[in-house]
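Input: a single structure, listed below in structure tokens.
Numbers for residues simply follow the sequence, beginning at 1.
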Amino acid sequence: MASVREGNAGRKSRRVALHGAAPCKALPPCANDLNNAGHRSRVLRVWQIAALRRSGKWVQFMQFGADNLRPVVCLHSLEYPAAPPWGLCVDAAAEGFGIVAVRRGGFGGSSEVHSIDEEAAILSEFLEQADLDDVILVVEGTARQAGLKLARSSPRVSFTFLVRPAYSDAYAGDLDPWTVNLVIQALQTQAGANLSLGALNLIGRRTGHRALYEMLFKHADDLAFIKAHARDLEDAWQSFSRINADTFRRNLSILMNDPTLGPGALADLPGMALIGAETLPAWREAFEEKSASLGISTACLPRGAFFTLHQSASAFINLLKKVP
């Protein structure tokens with residue numbers, strides 16, 4: 001496969017179903033075969049769609065870096081369905097890591113899914129068809145359930161970072177009442193999910209999506225990220241504003257108690273849980289306690305809370321370099 005830097009910058013992505021394997025044209029060792037998953041004329045950080053042969057599903061993804069780099073597959077959270085920022089992708093490539101951002105089921109051009117099991121199965125098929133091996137999986141926020149199921153079921157995943165995994169019983173009083181009520185309403189009933197999602201979309205249309213993000217994410221570093229990444233924020237909003245209530249509610253369901261995360265549940269998982277330095281104190285304390293109970297090691301990224309991964313590129317890449 002040719003480098004992502006090749007191709008026509010003005011060409012729009014299109015759905016392609018390739019039949020049979022095509023030769024990988026990257027310099028050896030060749031890390032993947034993403035030309036079997038999507039359009040081969042790739043350009044820098046452009047979304048494209050993989051047509052999966054076995055399931056017939058679509059997966060929207062963005063690749064940065066040559067094919068001989070170790071793949072870092074990123075699964076986004078509900079609130080920010082976008083790829084890591086350009087600077088992080090450049091720095092990662094310089095250190096030997098190729099970023100592959102994947103839009104999860106129901107977001108953007110990816111097919112809708114009806115369960116966490118189905119989402120994990122589709123992601124596993126994507127890794128297989130793209131021939132991505134020795135994958136470092138990056139799972140943000142509400143992607144936790146699908147990401148953990150993928151990490152446990154796919155032999156192609158060798159290490160997993162859980163970023164803001166939201167598996168702790170944090171004190172909701174640290175959030176403003178409007179946000180708390182919106183989440184509770186969405187979790188209680190399907191009708192409530194419709195109302196909550198509709199309210200967010202209405203505010204986003206009336207005041208602008210940047211104002212909505214600034215209302216929800218108030219930490220200093222997070223606000224700085226919102227102001228500095230207008231184009232990426234627009235991309236995330238366009239994806240979020242088109243999801244349905246089922247996708248919205250399924251993602252929020254990670255805030256409910258997960259019976260699979262009992263003591264020692266992650267002790268055998270090659271991975272690490274990450275949190276940002278600006279995370280609310282009660283949430284950070286609960287995160288540390290729950291991580292210790294689960295048996296997974298932790299690290300604190302130096303900037304941000306909700307956007308900590310995107311703002312802490314150097315620290316995160318240093319962690320990548322330590323992955324065996």
Side-chain angles (χ1 to χ4, degrees), residues 1-2 4 7 11-26 30-43 45-65 67 69-78 81-83 98-140 142-158 160 235 238-239 242-244 246-247 250-251:
M1 184 185 71
V4 295
R11 180 178 294 153
K12 297 181 180 179
S13 61
R14 60 187 178 91
R15 297 182 179 91
V16 178
L18 300 179
H19 303 286
C24 185
K25 298 180 181 179
C30 185
N32 62 57
D33 203 13
L34 273 170
N35 53 308
N36 284 329
H39 187 30
R40 293 183 63 181
S41 299
R42 239 177 309 284
V43 297
R45 293 186 81 245
V46 170
W47 290 105
Q48 57 186 312
I49 292 180
L52 302 184
R53 291 188 288 268
R54 186 169 63 247
S55 65
K57 299 290 187 178
W58 296 333
V59 174
Q60 190 174 32
F61 70 99
M62 179 187 290
Q63 183 200 11
F64 188 105
D67 296 342
L69 304 180
R70 185 175 184 181
V72 178
V73 175
C74 301
L75 304 181
H76 61 79
S77 188
L78 168 68
I99 301 294
V100 181
V102 177
R103 283 244 167 92
R104 296 169 50 226
F107 291 88
S110 293
S111 297
E112 292 183 12
V113 298
H114 303 288
S115 67
I116 298 298
D117 287 344
E118 183 185 11
E119 180 177 356
I122 290 171
L123 291 169
S124 181
E125 184 183 354
F126 172 76
L127 297 185
E128 179 183 344
Q129 185 166 316
D131 197 22
L132 292 170
D133 262 324
D134 198 20
V135 169
I136 299 175
L137 187 64
V138 180
V139 181
E140 283 200 81
T142 65
R144 187 196 73 222
Q145 290 177 315
L148 280 176
K149 193 170 288 290
L150 174 65
R152 291 194 178 283
S153 63
S154 175
R156 294 176 178 271
V157 176
S158 59
T160 302
D235 182 45
Q238 290 299 323
S239 179
R242 289 174 169 82
I243 65 171
N244 61 32
D246 288 332
T247 300
R250 185 172 55 255
N251 274 264

State whether the side chain of [X] and the backbone N or O of [Y] hold a donor-acceptor pair below 3.5 Å, judged by distance alone.
X	Y	answer
Q48	A50	no
E125	S55	yes
R70	D134	yes
R104	A146	no

Worksheet item: Just one of R54, R53, R156 clears the salt bridge (Lys or Arg N to Asp or Glu O under 4.0 Å) bar with E128, so which one?
Response: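 Between E128 and the candidates, salt bridge (Lys or Arg N to Asp or Glu O under 4.0 Å) is satisfied uniquely by R54.
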
Practice prompt. Please test T160 against L150 for side chain to side chain contact (heavy atoms under 4.5 Å, CB included), starting from the C-alpha separation and ending with a verdict.
Written response: CA-CA 10 Å; T160 302; L150 174 65; over 6 Å; no

Discussion item. Measuring from atom CZ of R152 to atom OG of S124, what distance do you get when rounded to the nearest 0.5 angstrom?
Written reply: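 Going from the CZ atom of R152 to the OG atom of S124 covers 15.0 Å.
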
Practice prompt. Calculate, to the nearest 0.5 Å, the distance between atoms CG and CG belonging to D67 and L132 respectively.
Written response: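 Here the interatomic distance stands at 9.5 Å.
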
Practice prompt. Test side chain to side chain contact (heavy atoms under 4.5 Å, CB included) on D117 and K149 and set out the steps.
Written response: CA-CA 8 Å; D117 287 344; K149 193 170 288 290; 2.8 Å; yes

Discussion item. Restricting to side chain to side chain contact (heavy atoms under 4.5 Å, CB included), what partner residues turn up for S77, sequence neighbours left out?
Written reply: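 By the side chain to side chain contact (heavy atoms under 4.5 Å, CB included) rule, S77 matches E79, E140, T142, R164.
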
Worksheet entry | Contacts of type side chain to side chain contact (heavy atoms under 4.5 Å, CB included), residue S110, not counting sequence neighbours |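 Partners of S110 under the side chain to side chain contact (heavy atoms under 4.5 Å, CB included) test: V59, Q60, R103.
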
Worksheet item: Is the number of heavy atoms from other residues, nucleotides or ligands within 6.0 Å of CD (E118) greater than 12?
Response: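 Yes.
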
Discussion item. Below 30° counts as parallel, above 60° as perpendicular, anything between as tilted: where do the rings of F107 and H76 land?
Written reply: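 Judged by the thresholds at 30° and 60°, the geometry between F107 and H76 is perpendicular.
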
